[in-house]
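Take a look at the structure below.
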Amino acid sequence: MDSINYNDLFVHTGYFVLFINLIFYSKSYSNKSIAFKVIIVYLFYTFVIQMIAHFLSANKIHNLFLSHYYFIGQFILFSYFYYLLLNKPIFKIIIIVVLSIVTTIIGVTYYNNPELYYTFNLWEIVLSFTPIIIYSLFYFYESFGVENKKYLILNSGVFFYLLSSTLIFSAGNLINSTGRSIGLPIWTLNAFLYVIYQIFIFIEWYRNFRKPDIVSINNEDEILL
Amino acid sequence: MEVFLSEDNQIITIVIIGVLLMVLVAVAMLLFLFLSQKKIIEKQIENKELEITHQKKIIQATIIVQERERERIAQDLHDDVSSKLNVIHLYANLLLEGNLSTSEYASVNEQIIEATNKTLESARKIAHNLLPPILDKFGLKSAIEELADTFNISKKISISSDINFPRELLNSDSELHLFRITQELINNSIRHGEAEECKISINLEDDKLHFTYTDNGIGFNSDDIKNKKGIGLKNIESRVAILNGKLSTKSALNKGIKVSIII
């Protein structure tokens with residue numbers, strides 16, 4: 001009984017922090033880079049999917065098919081985000097190539113096996129999570145030795161959450177097949193990690209984007225000095 | 001059923017352990033990244049500070065050189081010009097008093113003319129030392145050759161020069177810097193190096209100006225150079241820095257010195 005409470009607690013905290021992030025990021029919208037706007041779109045997109053999933057599950061309607069929109073949407077948005085953020089041409093080329101290959105493979109798996117739509121698609125999870133984890137490593141590589149680089153905290157959150165949750169989602173079918181009560185601790189763990197991830201995103205906003213843009217230009221000047 | 005349940009439980013446990021391991025890996029990785037990031041930045045700051053200290057030292061050396069130069073000019077003006085002007089002043093007063101015989105009058109007049117000539121010569125020398133007019137009119141090559149001739153005549157040191165580069169390559173400021181560097185090096189060779197011969201060569205190689213200076217003096221231990229940089233060498237260093245050049249000094253005890261500058 002206790003773990004049910006924890007699960008609900010973490011899930012709702014996750015919604016709450018996500019909502020807060022969405023509000024704060026949207027408030028700092030003006031005069032920001034495209035990468036920043038991609039993050040806003042990502043937050044909005046995940047928030048909408050979470051709300052629909054919540055609504056469906058509250059009405060006892062099967063909501064697993066939403067995970068595909070979530071995973072693929074996340075993959076495309078983060079690919080674009082890192083495409084904007086990374087500077088080395090080779091990284092940009094890798095992102096474009098991987099994006100086209102992965103979307104093709106995922107499309108083919110659905111064409112060959114349409115019932116995957118109602119379960120977790122293992123290929124989809126592995127292929128859409130790992131590239132993002134690798135892109136975040138690319139970004140760590142590029143920001144090495146550079147002081148006060150932006151998006152570093154958000155990048156850490158992405159790296160941390162995607163790395164840990166890949167295994168959870170990959171085991172999703174297995175966990176669900178064991179019945180709800182036994183699988184619950186894992187979903188609780190996932191909800192907990194998600195809260196931490198959202199807190200990373202919040203800290204990123206608080207540290208780098210809270211103040212209006214003029215101040216952040218001054219910060220960049222300091223880096224140059 | 002119980003067996004099934006425990007199997008399921010095991011799978012869940014394995015997944016949880018797996019996820020926790022992933023979390024651990026992620027946290028370790030992040031910690032590692034941030035700590036090494038910090039370290040790298042600390043190193044960068046350290047390097048910057050070293051650079052700043054170095055620049056400060058160069059500035060100090062420049063100021064000291066400037067002060068010495070002023071002192072020298074003041075001395076020259078006082079010894080050569082002021083004293084002679086005093087003499088002229090004295091004679092002029094004698095003339096003013098008017099009670100001189102014709103021969104005395106002529107002699108005083110002659111003295112005045114002679115003293116004036118000497119003063120003029122001194123003033124010209126001082127000005128020449130400050131900025132050789134030949135450098136401005138005929139360029140670095142002629143100036144260094146003239147400098148070499150002056151020293152060669154004085155028999156203190158024998159200087160040979162091999163200078164070959166298009167004149168428009170250097171602007172007048174850069175020429176002056178190179179000229180001063182040459183002067184400083186020759187002075188060092190005479191004063192500290194006890195050298196009898198030295199060679200100056202300036203040539204254009206691979207679009208870069210190569211300045212090389214060698215002498216056969218007592219030299220110094222190359223390893224000590226970092227610890228015992230004199231004002232002269234620092235002065236050269238700061239001029240090379242202004243020229244955006246690269247300075248390298250090679251020397252060993254009793255084997256002379258070789259200074260090369262690439263611009």
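Per chain, numbering begins at 1; letters A, B, ... match sequence-line order. Any value given below was found using the heavy atoms of this structure, including those in side chains, with hydrogens, waters and symmetry copies removed.
Of the atoms belonging to A:I196, not a single heavy atom falls under 4.5 Å from chain B. Both the backbone and the side chain of A:F160 come within less than 4.5 Å of a heavy atom of chain B. Using a 4.5 Å cut-off between heavy atoms, A:S143 contacts chain B through its backbone alone, with no side-chain atom that close. Proximity to chain B (any heavy atom under 4.5 Å) is shown, for A:I133, by neither the backbone nor the side chain.
No more than 12 heavy atoms of other residues, nucleotides or ligands sit less than 6.0 Å from atom OH of A:Y80.
Minimum heavy-atom separation, B:Q37 to A:F144: OE1-CA, 3.4 Å. Of all non-hydrogen atoms in A:S164 and B:V19, the two that sit nearest each other are O-CG1, 3.8 Å. Summarising the geometry of A:L167 relative to B:G18, their closest heavy-atom pair is CD2-C, 3.3 Å, with the distance given to 0.1 Å.
Across B:K38, B:M22, B:K39, the residue that shares the most heavy-atom pairs under 4.5 angstrom with chain A is B:M22. The residue among A:L189, A:L163, A:N190, A:L193 with the most heavy atom pairs within less than 4.5 Å of chain B is A:L163. Options B:L24, B:I16, B:I41 differ in how many heavy-atom pairs under 4.5 Å they form with chain A, and the most are formed by B:I41. Interface remark: of the candidates B:V25, B:V27, B:I40, B:I40 forms the most heavy-atom pairs closer than 4.5 Å to chain A.
One distance of note links CZ of A:F140 with CZ of B:F32; it measures 11.5 Å at 0.5 Å rounding.
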